[in-house]
Amino acid sequence: PLVAAARESGVWWAARLADVVGALPALCGPVTPADPAATVLCHRDLHPENVLVDASGGELVVVDWDNLGPAEPGRELARVLFDWYVEDDHADLDAIRRTCEAYARTGGPGRIAELSDFSMLVACRLNFLRVQVGVALDPGSEQRHRDWAEREIEEALRLLPTPRLLAAVLDTVRNGGDSS
């Protein structure tokens with residue numbers, strides 16, 4: 001229904017949204033529910049804008065704890081890797097490898113072992129896109145909210161992971177970057 005509404009309204013991103021919806025079976029195939037026994041308290045929104053340097057310049061400070069809640073550590077790690085090192089269908093696989101190595105070396109509990117470990121990433125990105133599309137297409141929304149949603153849609157479409165990128169990142173963390 002959102003694709004039909006987008007096409008009817010003539011928004012520039014209607015065709016791209018239709019492409020995304022067409023690719024959903026491949027993207028969502030490996031998505032599984034979290035194992036409640038494996039969840040711990042996680043930030044669940046640990047992108048670069050939520051990690052600041054303190055006034056002394058010596059410590060990192062994590063902010064924006066609105067999404068705090070249970071998650072599997074490996075799933076949060078997978079989302080962090082995409083939030084920090086993937087943009088415009090390109091992944092900095094060397095940075096991903098180094099980050100995973102440092103994380104494991106310092107005792108981080110999460111590991112990425114299979115495609116289902118990207119479930120939180122895929123679900124969050126698709127849900128955010130769905131909400132922004134709804135706001136952008138809602139004539140009852142204030143214009144400033146629709147404008148903001150349009151900007152967010154552009155970024156969300158650009159940052160949506162692809163099955164190819166998920167596989168490349170998985171291969172990198174499994175094999176230390178020796179992917180071909």
Side-chain angles (χ1 to χ4, degrees), residues 13 17 20 27-28 30-36 38-136 141-142 144-162 165-166 168-170 172-173 177:
W13 41 265
L17 183 64
V20 165
L27 182 60
C28 295
V31 172
T32 61
D35 174 4
T39 62
V40 298
L41 196 59
C42 291
H43 186 276
R44 299 192 317 187
D45 192 21
L46 200 56
H47 57 80
E49 292 82 13
N50 285 341
V51 180
L52 307 175
V53 178
D54 73 358
S56 71
E59 297 289 327
L60 296 177
V61 179
V62 178
V63 298
D64 190 4
W65 293 87
D66 291 353
N67 290 334
L68 177 72
E72 290 184 40
R75 290 177 179 212
E76 180 161 59
L77 175 61
R79 183 171 174 194
V80 165
L81 295 175
F82 269 76
D83 284 346
W84 287 71
Y85 303 118
V86 178
E87 188 167 343
D88 295 330
D89 202 34
H90 172 76
D92 184 341
L93 297 176
D94 189 50
I96 287 170
R97 178 193 49 76
R98 288 191 322 266
T99 297
C100 285
E101 289 172 355
Y103 175 82
R105 193 172 47 252
T106 58
R111 298 296 179 270
I112 301 169
E114 54 194 39
L115 282 173
S116 65
D117 291 325
F118 296 100
S119 294
M120 187 168 105
L121 166 72
V122 171
C124 288
R125 295 267 173 102
L126 286 173
N127 186 56
F128 184 79
L129 176 60
R130 181 190 57 79
V131 169
Q132 299 314 311
V133 167
V135 170
S141 291
E142 291 182 32
R144 65 187 175 101
H145 294 288
R146 289 196 310 273
D147 292 343
W148 187 83
E150 288 266 346
R151 289 189 300 275
E152 293 299 313
I153 289 167
E154 179 178 13
E155 181 177 52
L157 290 170
R158 195 170 39 79
L159 297 179
L160 193 63
T162 62
L165 273 175
L166 296 177
V169 171
L170 178 60
T172 296
V173 298

Self-check item: Spatial distance of atom CG (Asn67) from atom SG (Cys124) [nearest 0.5 Å]
Solution: 7.5 Å
Quiz item: Are Leu160 and Leu126 side-chain neighbours, meaning at least one heavy-atom pair lies under 4.5 Å?
Solution: yes
Quiz item: How far apart are the C-alpha atoms of Asp45 and Arg79, what are their side-chain angles, what is the distance that settles it, and do they pass the salt bridge (charged side-chain N to carboxylate O under 4.0 Å, His left out) test?
Solution: CA-CA 8 Å; Asp45 192 21; Arg79 183 171 174 194; 3.5 Å; yes
Exercise. Mind listing the closest non-hydrogen atom pair of Pro73 and Pro109 along with its distance?
Key: CB-CG, 3.8 Å
Quiz item: Taking C-beta and beyond as the side chain, do Asp117 and Leu77 meet within less than 4.5 Å on heavy atoms?
Solution: no
Quiz item: Is Arg151 paired with Glu155 through a side-chain N to carboxylate O contact shorter than 4.0 Å?
Solution: no
Quiz item: Can you name the nearest heavy-atom pair linking Val169 to Ala91, along with the distance?
Solution: CG2-CB, 4.3 Å
Practice problem: Would you indicate whether the side-chain heavy atoms of Phe118 and Leu170 approach each other to under 4.5 Å? | Solution: yes
Quiz item: With a 4.5 Å heavy-atom cut-off, do Glu49 and Asp83 have their side chains touching?
Solution: no
Practice problem: Assess whether side-chain contact (heavy atoms from CB on, under 4.5 Å) is satisfied between Val133 and Arg130, documenting all intermediate values. | Solution: CA-CA 5 Å; Val133 167; Arg130 181 190 57 79; 5.9 Å; no
Quiz item: So, Arg158 and Asp89, do they make that salt bridge, N to O below 4.0 Å?
Solution: no
Quiz item: From Tyr103 OH over to Ile112 CD1, what is the distance, rounded to the nearest 0.5 angstrom?
Solution: 9.0 Å
Quiz item: Heavy atoms, side chains only, cut-off 4.5 Å: are Val122 and Pro161 in contact?
Solution: yes
Quiz item: Roughly how far, to the nearest 0.5 Å, is CD1 of Ile153 from CH2 of Trp148?
Solution: 10.0 Å
Practice problem: State, with a plain yes or no, whether a side-chain heavy atom of Val61 is found less than 4.5 Å away from one of Val53. | Solution: no
Quiz prompt | Check ion pair Arg144-Asp147 (N to O, under 4.0 angstrom) | solution = no
Quiz item: What do you reckon, is CD of Glu59 surrounded by more than 12 foreign heavy atoms closer than 6.0 Å?
Solution: no
Quiz item: Is the backbone of His47 close enough, under 3.5 Å, to the side chain of Asn50 for a donor and an acceptor to pair up by distance?
Solution: no
Self-check item: Heavy-atom closest contact (Val135 atom, His145 atom, distance)
Solution: CG1-O, 3.6 Å
Quiz item: Is the backbone N or O of Asp64 less than 3.5 Å from a side-chain atom of His43, with the two atoms forming a donor-acceptor pair by type?
Solution: yes
Quiz item: Are the side chain of Asp54 and the backbone N or O of Ser56 linked by a donor-acceptor pair below 3.5 Å?
Solution: yes
Quiz item: What heavy-atom pair brings Arg146 and Ala136 nearest, and what distance separates the two atoms?
Solution: CD-O, 3.4 Å
Practice problem: Have a look at Arg75 and tell me which of Thr32, Val80, Asp35, Leu121 forms a side chain to side chain contact (heavy atoms under 4.5 Å, CB included) with it. | Solution: Thr32
Self-check item: Nearest-0.5 Å distance, CZ of residue Arg44 to CG of residue Asp66
Solution: 11.0 Å
Quiz prompt | Arg98 CZ to Leu93 CG distance, which is reported to the nearest 0.5 Å | solution = 11.0 Å
Self-check item: Heavy-atom side-chain proximity of Leu41 to Leu68 below 4.5 angstrom
Solution: yes
Quiz item: When you check the side-chain N and O atoms of Trp13 and Glu150, is any donor under 3.5 Å from an acceptor?
Solution: yes
Self-check item: Which atom of Glu72 lies closest to which atom of Ala34, heavy atoms considered
Solution: OE2-CA, 3.2 Å
Quiz item: What are the two closest non-hydrogen atoms of Tyr85 and Thr99, and how far apart are they?
Solution: OH-OG1, 2.7 Å
Quiz item: How many angstroms lie between atom CD1 of Ile96 and atom CG of Leu81, to the nearest 0.5 angstrom?
Solution: 5.5 Å
Quiz prompt | Asn127 side chain reached by Leu129 side chain, heavy atoms, under 4.5 Å | solution = no
